[in-house]
There are 2 protein chains.
Amino acid sequence: MSHSRDTDAFSPHDHRRCIRTAIAEAERICLEHNSRLTPQRQAVLELIWSSHKPVGAYALLEQLRELGHNGQPPTVYRALDFLLQHGLIHRIESLNAYTGCRHPGEHHTGQFLICSQCQQVAELDDPSLGSRIEDSAARHGFVADSQVIEIRGTCPQCQQQDSHEPR
Amino acid sequence: MSHSRDTDAFSPHDHRRCIRTAIAEAERICLEHNSRLTPQRQAVLELIWSSHKPVGAYALLEQLRELGHNGQPPTVYRALDFLLQHGLIHRIESLNAYTGCRHPGEHHTGQFLICSQCQQVAELDDPSLGSRIEDSAARHGFVADSQVIEIRGTCPQCQQQDSHEPR
DNA sequence: GACATTATGTTACACTATAACAACTTTTTC
DNA sequence: GAAAAAGTTGTTATAGTGTAACATAATGTC
Ligand SMILES: [Zn+2]
Ligand SMILES: [Zn+2]
Ligand SMILES: [Zn+2]
Ligand SMILES: [Zn+2]
């Protein structure tokens, strides 16, 4: 019953649907785990999902304050920890920033396409790529637990714009 | 004439040879680029190569001070920038730490095996994995410039130890 | 030697993340 | 339902990572 369609984050789409789906999935997963999606945690999750650009913890903190929530670093880091542990968001290591997970619930390490131009991030979920990497590690006798895959480049939209505005 | 043998960082080996080779290669590359491998830069490179465990900038700073060098953060970050730009070291994003590059000179993004137990890092150089990732991105219309591939797990040595000390 | 270029010294600060403990809420147990 | 336990949030302070900006010194070019 997973609704996670494979619409690319880069392609134009009804993003409110992304948000709604993310919240709904979060509620479902928290129910399953007997965890509580408190107002603060939900607020952070919604802020993260406000776009497909990863957000830093302190940017989130700023926005939380504007929403009238309490504003100290531990507040936001606790919410982030919770969301990370429940697989609702990912941390982008090369950006020190956080982005919503598109396939929550299915334990997985993310594979990310990061556009250097528009800052947007799309999450790949290519299991065969994952196992290809495991194989590569295994060939050196290494047992892989988790992977950080972050690919920087140019997204389709930004490529088009580039070709329209040469020079 | 490249001496970069494919000895794994994890396997026991004459590590002084790693260091010697690294410095020699660094000198060669700097000569090629008309860049100067100053004493400070070389000191940082040697410290990084003192083991196969990635080192943080401030740990380096500490060690530099013990060697009598000037000790302010910019000093070490400048050296790191220089070494990064010349492809002599890599930054491990998920550790905020730096490690020596085993194939300097050949423009490449590193692929790293990081042992959670002994903290040592081995650098893979699997071009076919690189292109496999590019393909995966291309399938989404994404043009990849660079990749961050960091695989966490257990190295062969630590696996053996684990099996000797069960429980 | 005068000049431009490159490298280093120095101070101060910005950004990212956590430790430690107190107060409050919700859930569980009796 | 009161008491205890577990979980969540508030609060203060601090640790860890990285840069900006400007001064000084060393090196290379003519
Ligand atoms: Zn969306
Ligand atoms: Zn883009
Ligand atoms: Zn070695
Ligand atoms: Zn190991």
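We use all heavy atoms of the structure for the numbers below, so side chains are in, but hydrogens, waters and symmetry mates are not. Predicted model, so just to flag it, every value in this text is computed and none were measured. Naming: A, B, ... by sequence-line order, numbering from 1 per chain.
- Between the CD atom of Q72(A) and the P atom of dT14(D) there is a distance of 15 Å, rounded to whole Å.
- A straight line from CG of L64(A) to C1' of dT8(D) spans 15 Å, rounded to a whole angstrom.
- Whole-Å rounding puts the L61(B) CG to dG9(C) P distance at 12 Å.
- Mapping A59(B) and T75(A) onto DNA chain D via the closest heavy atom, the residue that lands nearer the 5' end is T75(A).
- Here the straight-line distance linking atom CD1 of I133(B) with atom OG of S128(B) works out to 9.5 Å at 0.5 Å rounding.
- Partners of R28(B) according to the salt bridge (charged side-chain N to carboxylate O under 4.0 Å, His left out) rule, which considers only residues two or more places apart in sequence or in another chain, are E25(B), E32(B).
- Under 4.0 angstrom from either OP1 or OP2 of dT8(C) there lies no side-chain N or O belonging to N70(B).
- Using a 4.0 Å heavy-atom distance criterion, R36(A) is classed as a sugar-phosphate-only contact.
- How far CG of L45(A) is from SG of C101(A): 10.5 Å, rounded to the nearest 0.5 Å.
- When each of dT19(D), dA17(C), dG18(D) is scored by its nearest atom to the side-chain atoms of R91(B), the top-ranked nucleotide is dG18(D).
- Across residues 39-54 of chain B, Q40(B), R41(B) each have a non-hydrogen atom less than 4.0 Å from an atom of DNA chain C (numbered order).
- Taking CG from L61(A) and CD from Q72(A), the interatomic distance works out to 7.0 Å, rounded to the nearest 0.5 Å.
- Protein atom CG of D81(B) is 14 Å distant from nucleotide atom C1' of dT8(C), rounded to whole Å.
- One can place CG of L60(A) at 14 Å from C1' of dC15(C), the figure rounded to the nearest angstrom.
- Distance check: L113(B) CG to E150(B) CD gives 11.0 Å after rounding to the nearest 0.5 Å.
- Using a distance-only test at 3.5 Å, with no hydrogens or angles considered, a donor-acceptor pair links the side chain of Q159(A) to the main chain of G141(B).
- For the pair N96(B) and dT16(C), the criterion of a side-chain N or O lying under 4.0 Å from OP1 or OP2 is not met.
- Comparing dT10(C), dT11(D), dT8(D) by their closest approach to the side chain of R78(A) singles out dT11(D).
- Across all strands, Y98(A) comes closer than 4.0 Å only to sugar-phosphate atoms, never to a base (heavy-atom distances).
- By the ring-ring contact (aromatic ring centres under 6.0 Å, His included) test, Y98(A) is found to be paired with no residue, residues two or more places apart in sequence or in another chain being considered.
- Between Y58(A) and dT17(D), a side-chain N or O to OP1/OP2 separation shorter than 4.0 Å is absent.
- In this structure, the OH atom of Y77(B) is 19 Å from the P atom of dT11(C), given to the nearest Å.
- In this entry the distance linking CD of Q85(A) with C1' of dT8(D) reads 14 Å, nearest Å.
- Computed from coordinates, the N34(A) CG to dT8(D) P distance equals 11 Å when rounded to whole Å.
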